[in-house]
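Here's the structure, in structure tokens; my notes come after.
Only heavy atoms go into these numbers, but all of them, side chains included; no hydrogens, no water, no symmetry mates. Since we're looking at a predicted model, the values are computed, not measured.
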Amino acid sequence: MIDLFTALRGEIARAIRGVADLDDVPFEFPPDPALGDLATPVAFSLARVLRRAPRQIAEELAERIRELPGVAGVEVAGPGYVNVRIDRTAAVRRLLGPDESPPPRPGKVVVEHTNINPNKAAHIGHLRNAILGDTLVRCLRATGHLVEVQNYIDDTGVQVADVVVALTELAGLDAAGVRELIERGEERAASGGGGVDHDLWDLYARVTAWYGEDETRLAKRAEVLHALERREGPLAEIGALVAMAVVRCHLRTMLRLGVRYDVLPRESDILAHRFWEQAFGLLRESGAIRFAEEGKAAGCWVMDLPHDEEDEDGEKYEKIIVRSNGTVTYVGKDIAYQMWKFGLLGRDFEYAPFRAWAYPDGTRPWQTVPPGEGEPDHPEFGRATRVYNVIDVRQSYLQRVVAAGLERLGHAEQARESIHFSYEMVALSPRTALMLQPELRLTEEELARPWLDMSGRRGLGVKADDLLDMLERKALEEVRNRAPEAPADEAERIAHEIAIGALRYYMLRHTRNKVVAFDVDQALAFEGETGPYCQYAAVRISRILDKLEEREGLDRGGALGLAREADFAAIPGEGRLEHWGLVLEAARLPEVVPAALESLEFATIAKYAFDLARAINGFYHRWPVLQEKDPATRAARLAVLLVADRSLREALDLMGIPVPARM
RNA sequence: GCGGCUGUAGCUCAGGGGAUAGAGCACCAGCCUCCGGAGCUGGGUGUCGCAGGUUCGAAUCCUGCCAGCCGCGCCA
């Protein structure tokens with residue numbers, strides 16, 4: 001990324017402070033590039049302080065700004081905006097120059113995302129999580145952060161227990177039978193089908209009904225849970241087998257969209273390494289929790305929340321951390337885990353390369369393992385200076401409690417740096433739900449609702465793999481229509497890249513506080529505000545470069561060299577402003593990325609990429625490069641397109657959207 | 001009850017003090033002997049949920065209200 005504006009703003013702000021004392025000088029981009037490249041409405045606020053007309057103040061400021069290097073002109077417009085124009089040829093040259101990305105930053109950022117229960121196939125809600133998380137990771141890395149990506153595996157929870165019950169009681173399988181089921185899934189997966197996680201999707205839905213028929217059957221779940229925690233017996237073996245097999249499936253699904261992880265911490269290893277016992281000691285010693293002698297929580301260890309939260313009786317709110325039977329709650333475990341992420345626990349996991357699967361390139365993410373099984377040489381994990389937990393909005397309360405726990409332990413800074421990246425869920429419109437599953441029986445009330453929650457227990461939802469398959473099939477059909485001569489493997493690769501583009505864009509285009517009411521038609525759209533539209537704009541520029549090489553022997557390096565030498569002023573007057581407008585739009589990327597990180601709103605990057613692609617497509621139609629006769633104009637026009645291309649590709653890359661070689 | 005989020009065009013959504021409130025979809029009409037239509041150009045719609053307030057200026061900030069959704073468990 002190349003940032004034209006930050007340094008310039010600093011200069012202008014300094015010049016303005018020479019006239020009036022101000023902490024903060026506001027800047028904005030003028031709504032129309034004809035007005036200028038950078039604007040400040042500062043004269044309006046100064047007018048109040050100085051008790052003079054804003055326009056008059058603006059004129060004075062303009063005089064000083066005019067003198068600054070890199071400033072090509074200053075004008076006062078409207079009621080008192082100061083509009084600044086910059087040197088265009090120099091700007092274009094710089095934008096085509098070497099990368100100026102920020103230097104590495106101190107500290108380490110942990111991003112935890114995906115976190116799918118390893119009991120059935122990933123659904124489209126998990127896709128939103130992983131895509132948001134992965135985009136966060138990419139943006140952090142692009143701005144110089146060292147990032148560690150964690151995907152937490154809850155392999156001892158109720159969901160896994162239920163699937164073990166389903167396998168043993170409903171499917172009548174023993175460990176050998178489960179192994180066989182997993183193997184069959186692997187064979188299907190090898191030829192592009194769904195793995196064992198797909199089998200479990202329906203099986204898991206059935207177990208809820210099975211419990212419903214006879215409540216005494218819940219004892220089976222308790223038995224399995226117990227076995228999982230102790231890691232003993234055939235039920236535990238099946239649980240471990242299934243959980244790791246499903247994790248493998250999830251990793252495969254996520255790899256389809258280009259999402260990878262550094263380390264997979266497992267709940268069972270948190271238990272095995274006795275993280276909670278360690279945290280319990282620290283919490284007790286620090287006074288963060290206390291033993292409740294009386295009240296509703298008598299006999300429990302509780303944490304008094306520093307918030308002014310009260311329950312309906314007006315009593316001070318306390319959160320139970322250890323139950324009266326001595327077992328720890330979910331929040332308690334989460335506090336221990338969060339402490340580990342910051343290196344505050346004084347205890348670590350052991351690690352080994354993920355045992356169940358390797359990425360196709362032969363690398364493996366790391367996983368945690370029980371005591372005594374770890375490899376001596378492994379990267380350092382945890383010890384973060386900041387932690388992002390990507391979890392949906394329903395966990396907001398618990399995330400606050402976890403941060404409060406750190407605070408109460410005396411780690412105020414880490415509490416502040418514990419960031420809940422919350423987002424709303426993906427749901428199904430009743431129409432889409434019925435379309436996908438016509439056999440579904442919805443109540444009157446459900447039909448009237450704007451959306452329906454996906455429910456693993458009802459089998460209601462859309463599998464991530466199925467959506468990806470649909471996207472790839474549709475994209476492949478389009479590719480075959482448009483480029484019938486393309487070899488099969490190339491067509492498939494392009495279709496895959498288009499599918500990813502469509503899916504990732506779809507999940508990012510909504511702001512995070514909005515429920516995505518999943519709509520098949522919208523998700524499968526390749527036209528309008530979509531990923532493929534953005535990809536297409538980049539491909540078009542790429543095609544011009546191809547033609548340039550075919551017809552004139554000018555390769556990409558040559559084209560870039562030509563563009564760097566271009567004189568922007570060579571562009572004839574009537575189109576000059578439009579050319580410049582595209583450059584300006586492209587130059588805004590370094591403004592967009594930090595803003596997106598600050599607000600955790602990656603829809604802004606999606607919107608930016610789309611606007612830029614739209615500008616490129618419009619430009620493409622009005623200003624041909626290859627047909628342009630005048631060599632100076634042609635070089636300048638090429639330069640403009642290359643500037644736009646660079647920003648568009650960078651923006652797409654931040655969202656994990658690849659650009660196909662052709663479309 | 002308490003807390004959070006959402007309410008903007010027919011639909012899906014951007015915009016979150018500042019220049020004339022915008023996109024996409026859908027609908028209609030145009031556009032290539034081309035750098036391939038996943039495109040471009042036009043066409044028109046808005047009590048920005050309602051009511052007050054702050055401000056030179058409010059879709060945007062504040063207060064209240066209405067509607068919808070989500071949380072608030074000795075579940076995970």
Q: Would you sketch RNA chain B in dot-bracket for me? Only Watson-Crick or G-U wobble pairs with both distances under 3.5 Å count, crossing pairs as [ ], other-strand pairs as |, the rest as dots.
A: (((((((..((((....[...)))).(((((.......))))).....(((((..]....))))))))))))....

Q) So which nucleotide from rG24(B), rA14(B), rC74(B) ends up closest to the side chain of Ile320(A)? A) rC74(B)

Q.
Please determine whether any donor N or O and acceptor N or O are separated by less than 3.5 Å between the side chain of Ser324(A) and the base of rC74(B).
A. yes

Q) Of the candidate nucleotides rA76(B), rC69(B), rG24(B), which contains the atom at the shortest distance from the side chain of Thr329(A)? A) rA76(B)

(Q) Using the side-chain heavy atoms of His621(A), tell me which of these nucleotides is nearest: rC35(B), rG39(B), rC70(B). (A) rG39(B)

Q: Report which part of the nucleic acid Asp519(A) touches: base, sugar-phosphate, or nothing (heavy-atom distance under 4.0 Å, all strands).
A: nothing

Q) At under 4.0 Å between heavy atoms, what does Trp301(A) touch on the DNA or RNA strands: base, sugar-phosphate, or nothing? A) nothing

Q. Pick the nucleotide of RNA chain B nearest each of Lys319(A) and Gln395(A); which residue has the one closer to the 5' end?
A. Lys319(A)

Q: Report the glycosidic orientation of rG37(B): syn if within 90° of 0, anti in every other case.
A: syn

**Q.** Qualifying residues under salt bridge (Lys or Arg N to Asp or Glu O under 4.0 Å), relative to Glu477(A), sequence neighbours excluded
**A.** none

Q. Looking at the side chain of Asn513(A), which of rG36(B), rU6(B), rG24(B) is the nearest nucleotide?
A. rU6(B)

Q | Sugar-phosphate only, base, or nothing, as touched by Arg634(A) at under 4.0 Å among non-hydrogen atoms | A | nothing

